[in-house]
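In what follows, residues are counted from 1 in the order of the sequence shown.
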Amino acid sequence: METESEPYVRLATLRQLHQVMADMNTARSLADTLQTVADGVVTGLGYELACVNLVRPDGDLVVAAFAGNPAAEALITGRVGSRESWERRLSMGEQWGDLVFIPHTEGWVLDDDDVPQWYTDGPAPRFDDEWHPSDRLFAPMRTPGVQGGACGELIGVLSVDRPRNGRLPGAWGREALQMYAFQAAIAISNARLRANMQRALVRLEREQQALRASEESFRQAFEYAPSGMAIAEMGGDQHGRILRTNDALCRLLGRPASAMRRYSFSDLVHPEDIGTLLRTSAEGGRAELRLGRRDGTYVWASLRNSVVADAADGPRFLLTHVEEIEDRKRRELQLAHRASHDSLTGLPNSAELRTRLSSRLCQRPTHPGALEPVDAAFGHPAFDTNGHGFDYRPGGIEVYDAYDHHVHTVAPEGEQDDGTKGLAVLFCDLDGFKSINDRFGHNAGDAVLIEVARRLSRGVRDGDTVARLGGDEFVVLADGLGRADAADLAARLRTEIIQPIRVDGRGMRVGASFGIGWAHCGMTADEVLKSADERMYVEKRSRPKQHRRAG
């Protein structure tokens with residue numbers, strides 16, 4: 001870049017300069033911005049070394065970023081130079097516009113000050129415009145002054161060394177470095193604004209005067225935040241109505257800002273997540289839920305609320321930070337599914353089966369004590385001394401708890417079908433499965449288990465559970481069945497299972513023995529499964545061995 005005279009700057013050079021400026025304005029954090037500024041000097045301006053010295057709150061300057069030499073970077077990054085020493089450097093040498101050039105003939109007096117610096121080796125210059133290893137070139141970075149002037153507050157100094165062409169920068173090179181420093185100051189200021197957003201929001205909550213003073217800072221932080229932000233009404237008839245959104249949230253949901261103002265978050269969340277949203281609509285509330293996109297799909301997002309308060313009138317607005325967590329949530333759901341489902345068949349595993357079964361059972365006694373009078377004309381249930389209600393209905397007695405509204409699971413009485421509907425537990429054990437593993441190998445056995453799982457799932461109703469307990473044992477949970485219904489279901493499933501299964505061109509057959517148990521409150525999940533297992537073995541022993549497999 002330095003070899004080009006001003007009238008003949010190549011278009012590629014301008015594009016390169018534009019790109020490095022764009023990079024430093026799109027960095028995600030203050031640290032990334034500072035490093036991008038240093039890297040841009042090396043990649044876009046043609047210098048071999050660059051250092052960003054950032055003004056600290058106490059006025060001294062710290063080496064915040066370095067580019068071009070890893071050894072020098074490790075030596076001086078994080079070191080501090082006093083403001084007094086820096087003011088001395090910026091007041092001596094030659095003034096190239098806003099730049100300060102200290103030639104090697106003068107720079108020797110700075111060798112003993114406390115400004116962190118590196119030393120480079122090289123031959124003495126042969127020409128007047130040749131760069132000397134001890135030359136110094138500084139580009140002060142200042143906040144924009146009044147009406148766009150460059151005389152604002154000093155926020156840092158950009159120091160550069162060793163132009164690649166070995167020459168002192170010409171008019172174009174000086175202008176490019178000066179312009180770059182000006183843009184770097186803006187980028188660093190914006191990065192600081194984004195980093196200070198949360199602190200600004202706290203101040204906005206506590207002091208109305210701070211709210212007015214920081215309005216422009218808040219606006220920039222809100223609009224240019226990399227993740228979604230929204231401001232909603234708090235209290236009153238319009239509670240929850242969205243007043244303002246940033247571009248990131250509009251892009252996430254595929255909705256324009258004008259359309260977003262017609263909604264509240266309750267209009268956008270998945271119907272199953274409404275309860276979660278309502279429990280989160282308060283200061284400090286956090287939730288993970290699904291938000292509706294314009295195309296009808298939903299995206300998982302994390303919502304975090306803060307209150308923007310008015311010093312006189314109290315809380316007024318709810319500030320919601322929205323971050324997409326689709327990938328993380330998908331991984332969590334996959335891990336949860338793997339933990340609760342059998343890896344071979346995809347059915348719920350033993351742990352999930354016990355969880356679902358236990359959720360229907362309680363350890364409260366369910367035997368009726370002295371029933372209080374019941375008003376049959378109005379259908380009022382009777383209550384026993386334990387607080388259990390007995391609602392007499394066609395098809396059986398449904399028991400519920402007067403205290404916690406738990407619907408108790410009941411089982412049919414006796415061996416005959418008395419019309420009671422209960423939770424049937426069908427314990428299934430395959431007959432002849434071991435011989436398939438022995439003759440054809442475990443791959444064939446796995447294929448048979450997968451097909452049996454498919455047939456069992458196809459043979460039950462929506463809402464029933466088919467689980468693999470382990471090995472060649474399966475369990476079916478079917479609610480709302482009487483004894484005859486359960487026996488008929490077991491017969492139909494057995495008929496499905498005994499149909500030939502083709503694996504690698506071979507026809508294989510297995511039989512199935514079913515034991516039917518009944519779950520009722522007062523039992524544990526293991527007790528229910530043990531009861532069904534025992535009945536299965538009774539059923540298995542009751543049939544001759546040669547008839548346990550069909551055909």
Undergrad: Donor-acceptor pair, R251 side chain versus N246 backbone, under 3.5 Å?
TA: no
Undergrad: Run the ring-ring contact (aromatic ring centres under 6.0 Å, His included) test against H442 and tell me which residues pass, sequence neighbours left out.
TA: none
Undergrad: Could you list the residues that satisfy side chain to side chain donor-acceptor pair (under 3.5 Å) with R241, not counting sequence neighbours?
TA: Q238
Undergrad: Give me the atom names and distance for the closest heavy-atom approach of C250 to M260.
TA: SG-CG, 4.3 Å
Undergrad: Is R255 positioned over the aromatic face of Y263, cation under 6.0 angstrom from the ring centre and no more than 45 degrees off axis?
TA: yes
Undergrad: Could you tell me whether the side chains of D342 and T345 share a donor-acceptor contact shorter than 3.5 Å?
TA: yes
Undergrad: State which residues pass ring-ring contact (aromatic ring centres under 6.0 Å, His included) with F474; sequence neighbours excluded, sorted by chain then number.
TA: none
Undergrad: For residues D39 and Q35, is any side-chain donor paired with an opposing acceptor at under 3.5 Å?
TA: yes
Undergrad: Checking R506 side chain against F440 main chain: does a donor-acceptor pair fall under 3.5 Å?
TA: no
Undergrad: How far does CZ of F514 sit from CG of L489, to the nearest 0.5 angstrom?
TA: 7.5 Å
Undergrad: Could K530 and D533 be called an ion pair, given the rule that one side-chain N must be under 4.0 Å from one carboxylate O?
TA: no
Undergrad: Could you check whether R535 makes a cation-pi contact with F427, meaning its NZ or CZ is under 6.0 Å from the centre of the six-membered ring and within 45° of the ring axis?
TA: no
Undergrad: Kindly state each residue pair satisfying ring pair (Phe, Tyr, Trp, His ring centres under 6.0 Å) with at least one member in residues 341-362, sequence neighbours excluded.
TA: H337-H341
Undergrad: Start with the C-alpha gap between S264 and D267, add the side-chain angles, then the distance that decides, and say whether side-chain hydrogen bond (donor to acceptor under 3.5 Å, both in side chains) holds.
TA: CA-CA 5 Å; S264 65; D267 300 321; 3.3 Å; yes
Undergrad: Indicate whether the side chain of T320 and that of N305 have a donor and an acceptor atom separated by less than 3.5 Å.
TA: yes
Undergrad: Side chains of D526 and T524: any donor to acceptor distance under 3.5 Å?
TA: no
Undergrad: Looking only at side chains, do D429 and S513 share a donor and an acceptor under 3.5 Å apart?
TA: no
Undergrad: Mind checking what makes side-chain contact (heavy atoms from CB on, under 4.5 Å) contact with I274, not counting sequence neighbours?
TA: S266, V269, L278
Undergrad: Looking at R290 and E272, is there a salt bridge between them, counting it only when a charged N and a carboxylate O are closer than 4.0 Å?
TA: yes
Undergrad: Applying ring-ring contact (aromatic ring centres under 6.0 Å, His included), can you list everything that pairs with Y298, at least two apart in sequence or on another chain?
TA: H270
